[in-house]
Amino acid sequence: MKIKFRKRYLIVAKRSNKVSQCACLLDSLYLLCVARLYYIRKKLHCMELNEQQLQRRQSLQAIRDLGIDPYPPQPFEVNVTADEIREHYENDKLNYKNVSIAGRLMRRRIMGKASFAELQDDTGRIQLYINRDEICPDEDKSLYNDVFKKHLDIGDIIGVTGYVFTTQVGEISIHVTSLKLLCKTLNPLPMPKEVDGKVYDAFTDPEQRYRMRYVDLIVNPQVREIFLVRSRVIGAMRDFLIQRGYLEVETPVLQPIPGGAAAKPFITHHNALDIPLYLRVANELYLKRLIVGGFRGVFEFAKDFRNEGMDRTHNPEFTQMELYVAYQDYNWMMDLTEQMLREICTKVLDTTSVMLGNNEIEFGEPFARMTLFGAIEKYTGKNLHGLNESEIRSVAKELKVEVDESMGAGKMIDEIFGAYVEKHLIQPTFIKDYPVSMSPLTKKHREDPTLTERFELIINGKEIANCYSELNDPIDQRERFEEQAKLLDRGDEEAMFIDEDFLRSLEYGMPPTAGIGIGIDRLVMMLTNQASIQEVLFFPQMRPERR
RNA sequence: GAUUCGGUAGCUCAGCCGGUAGAGCAUCUCCCUUUUAAGGAGGGGGUCCUGGGUUCGAAUCCCAGCCGGAUCACCA
């Protein structure tokens, strides 16, 4: 507006060289008013559409005026995909004499009475050759001259039929004999281009990509690939577990007591019951109730919710697979985990080693196994085993690890581990035997009552799985919960609540059980070499868009 | 949360020692019947993130804010 005025003012100033300054001023004031009115009208009538959006709406109307439905209700029969044509045409030409394919128009090269275009379906792109006199055999050339050349835009969804051929420069293409508009689009797409492997004008702004994932998926094929891997990883894991006879179950997301993990929950309210409910931070306590109920093995791919920080490895909601198997222990679960990851990696990526940044992670070799205190001693020189809370606090201070009064011994050990050890564990490593205080749901170690039978699997310096021999002594469990309750009172917002119903279930008897939780998002990050969790979530949480 | 970098056309970005807003692609008009970043000719398109300040004059300098990226710290 300001600029428009300035431009006009300059024009006026030039024109009125010989006119009095007063007249010039009046003139420009008038133009200012006109410009403002024009601006307001533009805003009201066009809802701030840009030129290209307006153009597309005009094309939409023009198409309707030609008697064509831009959003037809009939199905369009597709009998081939872009990928299939590119792969099999050369060896099976007779089978591609009558193809029908649908997708987005992604590029047009119009050369007068004939054109090339690129159609993108869910498998990739295929070139189209469109000849005016073939799609318009009669006098009426409007389908080519008006609809195709003028009123179709990049991104529009079309269906074509025709036969496959190879062009003079050797590109497998579809010679189009008929073309139908299936959906007119009103927003222009970003237009990345690739020349000799170099990508220009890529749609790379992470904010835009995450906010408009649909656009990201249309124009960035590598993004689509990540989500295909994600789906296959989950599929392979599910197959692995079902093959072994474990039951896939579903347990409550809305929980009256948020149990099973040290984490800050989201809280909500149920109107009819007039009670607070929490979004689950884990499903552990429910799956164990099912083991009490008599299932031998249960698992769930669970969305968990934690009201904590957000960064490139944390999203407020994330996916965990939790598995509980009766009559097993954590040693057995180590073997199963190793086997499962090896199988998933092989099935999904057809290899046992993956590049992750500069590190090559090897899933084919046996995973290293170390005790927690052993690992801490290895990397800090301090043996924490047998130390009491105040002794650990002083070691933590000596190591310059930040601790505060609300932290118990377990929490401080975890801090030290995080600061000194975790980053060194690049290859898959099981860290086992955690102190009792940091594992309130875990059975005491068979040889050392100050420890628990628990392991975490660390890969590339990140925890990816957490497993226990599950505590099934109801009296011991009650005492551990009471310890947690004291931490809650001390101000540890992540400490656990006492879950009376869970305790009651243990009093009915839970067989010895091994349980594990595997972070699916992190696993997928590793298998797709992604540094941020947003890249493996379709719709990562974002601040709301303004207006 | 701390530090740091950034926000300019539909997209990717340049301009930033203050002085009339630029490029490529996209879009529009015209030419072109095997092109492929198709080509040729011409045109349109901007609240330079927002709000203050300094100045005759701010996209540019200063302050505040909003949004985002990266790094660091913490939860998975």
Side-chain angles (χ1 to χ4, degrees), chain A residues 1-4 6-7 9-11 13-14 39 43 48-56 58-59 107-118 125 127-134 144 150 153-155 165-171 173 175 187-196 198-211 215 219 261-264 281-282 304-320 401-402 411 414-415 418-419 456 462-466 493-494 517-523 525 531-534 542-546:
Chain A
M1 165 61 211
K2 208 169 153 190
I3 285 156
K4 270 200 167 80
R6 209 182 283 157
K7 268 183 186 168
Y9 179 86
L10 283 167
I11 294 164
K14 273 179 200 160
Y39 182 70
K43 262 195 158 177
E48 297 185 72
L49 296 176
N50 66 42
E51 188 199 6
Q52 294 192 43
Q53 291 170 318
L54 281 172
Q55 188 58 46
R56 284 178 183 232
Q58 282 165 21
S59 293
R107 198 145 301 166
R108 283 187 303 171
R109 293 180 281 275
I110 297 173
M111 297 165 302
K113 298 178 186 65
S115 299
F116 286 94
E118 284 171 34
R125 291 191 188 183
Q127 180 170 264
L128 307 179
Y129 173 72
I130 299 167
N131 184 307
R132 185 192 69 181
D133 296 328
E134 290 184 61
Y144 182 82
K150 287 188 179 161
D153 289 291
I154 285 169
F165 75 113
T166 307
T167 64
Q168 287 179 359
V169 289
E171 176 145 351
S173 309
H175 197 120
N187 284 331
L189 286 171
M191 288 288 299
K193 282 176 201 65
E194 203 181 324
V195 191
D196 302 330
K198 268 187 165 180
V199 178
Y200 298 84
D201 296 347
F203 182 55
T204 54
D205 177 2
E207 181 181 2
Q208 297 277 80
R209 288 181 44 234
Y210 303 151
R211 285 196 195 282
V215 173
V219 304
K264 276 186 237 172
V281 295
D304 291 338
F305 305 84
R306 299 190 183 175
N307 205 343
E308 294 165 354
M310 277 170 61
D311 61 27
R312 69 184 198 291
T313 54
H314 297 90
N315 193 63
E317 56 182 291
F318 66 102
T319 305
Q320 240 193 135
V401 174
E402 265 187 55
K411 183 90 178 150
D414 202 28
E415 299 288 326
E456 291 193 356
K462 290 279 176 207
E463 180 191 336
I464 196 162
N466 187 5
E493 291 180 273
E494 296 174 358
I518 297 179
I520 297 298
D521 310 293
R522 289 195 172 172
L523 179 61
M525 284 165 70
S532 55
I533 196 168
Q534 287 97 326
M542 308 278 289
R543 273 203 172 72
E545 250 177 305
R546 276 187 303 170

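Since the structure is predicted, the reported quantities are computational estimates derived from the model, not experimental observations. Convention: sequence-line order gives letters A, B, ...; per-chain numbering from 1.
- The side-chain hydrogen bond (donor to acceptor under 3.5 Å, both in side chains) search around A/Glu51 returns none, not counting sequence neighbours.
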Could you go through nucleotides 22-24 of chain B and list every protein N or O atom that sits under 3.5 Å from one of its N or O atoms, giving the distance for each pair?
residue : atom : partner  : partner atom : Å
B/G24   : N2   : A/Asp201 : OD1          : 3.0
B/G24   : N2   : A/Asp201 : OD2          : 3.0

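- The side-chain contact (heavy atoms from CB on, under 4.5 Å) check on A/Met111 picks up A/Phe116, with sequence neighbours excluded.
- Partner assigned to B/U3 is B/A70, using Watson-Crick or G-U wobble distances below 3.5 angstrom.
- Residue contacts for A/Val219: at a heavy-atom cut-off of 4.0 Å it reaches no nucleic acid atom on any strand shown.
- Taking atom P in both B/U8 and B/G44, one finds a spacing of 24 Å when rounded to whole Å.
- The pairing partner recorded for B/A58 is none, the criterion being a Watson-Crick or G-U wobble arrangement whose two distances lie under 3.5 angstrom.
- Between the CZ atom of A/Arg108 and the P atom of B/U27 there is a distance of 6 Å, given to the nearest Å.
- Every residue two or more places apart in sequence or in another chain that forms a side-chain contact (heavy atoms from CB on, under 4.5 Å) with A/Glu118 is listed here: A/Arg107, A/Arg109, A/Arg125.
- Under the Watson-Crick or G-U wobble criterion, with both distances below 3.5 Å, B/U34 has no partner in any strand shown.
- Residues meeting the side-chain hydrogen bond (donor to acceptor under 3.5 Å, both in side chains) test with A/Ser59, sequence neighbours left out: none.
- Residues that satisfy the side-chain contact (heavy atoms from CB on, under 4.5 Å) test with A/Glu415, not counting sequence neighbours, are A/Val401, A/Met407, A/Lys411.
- Taking atom C1' on both nucleotides, B/U60 is separated from B/G53 by 15 Å, rounded to a whole Å.
- If you take atom C1' in B/G65 and the same atom in B/G22, they sit 29 Å apart, rounded to whole Å.
- For A/Asp153 and B/C28, the CG to P distance is 6 Å, given to the nearest whole Å.
- When the P atom is compared between B/A2 and B/A37, the two are found 49 Å apart, to the nearest whole Å.
- When the P atom is compared between B/G18 and B/C30, the two are found 46 Å apart, to the nearest whole Å.
- Atoms CG and CD, on A/Asp311 and A/Gln534 in that order, are 8.0 Å from each other to the nearest 0.5 Å.
- The phosphate of B/U35 (OP1 or OP2) has no side-chain N or O of A/Arg109 nearer than 4.0 angstrom.
- Remark: B/C25 base-pairs with B/G10; criterion is Watson-Crick or G-U wobble with both hydrogen-bond distances under 3.5 Å.
- For A/Asp133, the side-chain contact (heavy atoms from CB on, under 4.5 Å) criterion is met by A/Asn131, A/Lys141, not counting sequence neighbours.
- Note that OG of A/Ser173 and CD of A/Gln127 are 4.0 Å apart. Values are rounded to the nearest 0.5 Å.
- Base engagement by A/Glu51 is indicated by at least one non-hydrogen atom pair under 4.0 Å involving a base atom.
- Of the C1' atoms belonging to B/C48 and B/A58, the separation is 11 Å, rounded to the nearest Å.
- Protein atom CG of A/Asp414 is 15 Å distant from nucleotide atom P of B/A73, rounded to whole Å.
- As the counterpart of B/G44, no nucleotide is assigned, since no Watson-Crick or G-U wobble pattern has both distances under 3.5 Å.
- Backbone-only contact: A/Glu415 has heavy atoms under 4.0 Å from sugar-phosphate atoms and none from a base.
- A distance-only check finds a donor-acceptor pair linking the side chain of A/Asp521 to the backbone of A/Thr319 [under 3.5 Å].
- Projected onto RNA chain B by closest heavy-atom contact, A/Val169 and A/Ala202 fall at different nucleotides, the more 5' of which corresponds to A/Ala202.
- Between the A/Arg108 side chain and the A/Ile154 main chain, no donor and acceptor come within less than 3.5 Å of each other.
- Between atom OG1 of residue A/Thr313 and atom CE of residue A/Met525 there is a gap of 6.0 Å, rounded to the nearest 0.5 Å.
- Distance from the side chain of A/Tyr129 is smallest for B/U33 among the nucleotides B/U35, B/C25, B/U33.
- Contacts of A/Gln52 with the nucleic acid, taken as non-hydrogen atoms under 4.0 Å apart, include base atoms.
- With rounding to whole Å, A/Gln53 atom CD is found 18 Å from B/A26 atom P.
- Among the heavy atoms of the strands, none lies under 4.0 Å from A/Arg56.
- Scored by the side-chain hydrogen bond (donor to acceptor under 3.5 Å, both in side chains) test, A/Gln320 finds A/Asp304 as partners (sequence neighbours excluded).
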Set out, line by line, the N/O atom pairs under 3.5 Å between protein and nucleotides 30-32 of chain B.
residue : atom : partner  : partner atom : Å
B/C32   : N3   : A/Ile110 : O            : 3.4
B/C32   : N3   : A/Gly112 : N            : 3.1

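- The shortest distance between side-chain heavy atoms of A/Arg132 and A/Ser115 does not fall below 4.5 Å.
- Of all nucleotides present, only B/U50 satisfies the Watson-Crick or G-U wobble test against B/A64, with each distance under 3.5 Å.
- The gap from the C1' atom of B/A26 to that of B/C62 amounts to 37 Å, rounded to the nearest Å.
- Straight-line distance between the C1' atoms of B/C28 and B/A9: roughly 15 Å, to the nearest whole Å.
- In this structure, CD of A/Gln168 is placed 11 Å from P of B/U36, rounded to the nearest angstrom.
- Regarding A/Arg107, its CZ atom lies at a distance of 9 Å from the C1' atom of B/U36, rounded to whole Å.
- A/Glu171 is linked by a side-chain hydrogen bond (donor to acceptor under 3.5 Å, both in side chains) to nothing, counting only residues two or more places apart in sequence or in another chain.
- In this entry the distance linking CD1 of A/Ile130 with P of B/U36 reads 17 Å, nearest Å.
- One cannot find a donor-acceptor pair under 3.5 Å joining the base of B/U27 and the side-chain atoms of A/Gln55.
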Please list each protein N or O that sits under 3.5 Å from an N or O in nucleotides 68-71 of chain B, with the distance.
residue : atom : partner  : partner atom : Å
B/G68   : OP2  : A/Arg543 : NH1          : 2.9
B/G68   : O4'  : A/Glu207 : OE1          : 3.1

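- As rounded to whole Å, 12 Å separates atom P of B/U34 from atom CD of A/Glu134.
- Among the protein residues, A/Asp133 comes within range of the nucleic acid bases, having at least one heavy atom under 4.0 Å from a base atom.
- Remark: A/Tyr144 pairs with A/Phe148 by the ring-ring contact (aromatic ring centres under 6.0 Å, His included) rule, at least two apart or across chains.
- Among the heavy atoms of the strands, none lies under 4.0 Å from A/Asn187.
- Residue A/Asp311 is classed as a base contact, given a heavy-atom separation below 4.0 Å to a base.
- Checked against B/C11, B/U33, B/U36, the side chain of A/Phe203 finds its nearest nucleotide in B/C11.
- A/Asn307 comes within 4.0 angstrom of no nucleic acid atom, judged by non-hydrogen atoms across all strands.
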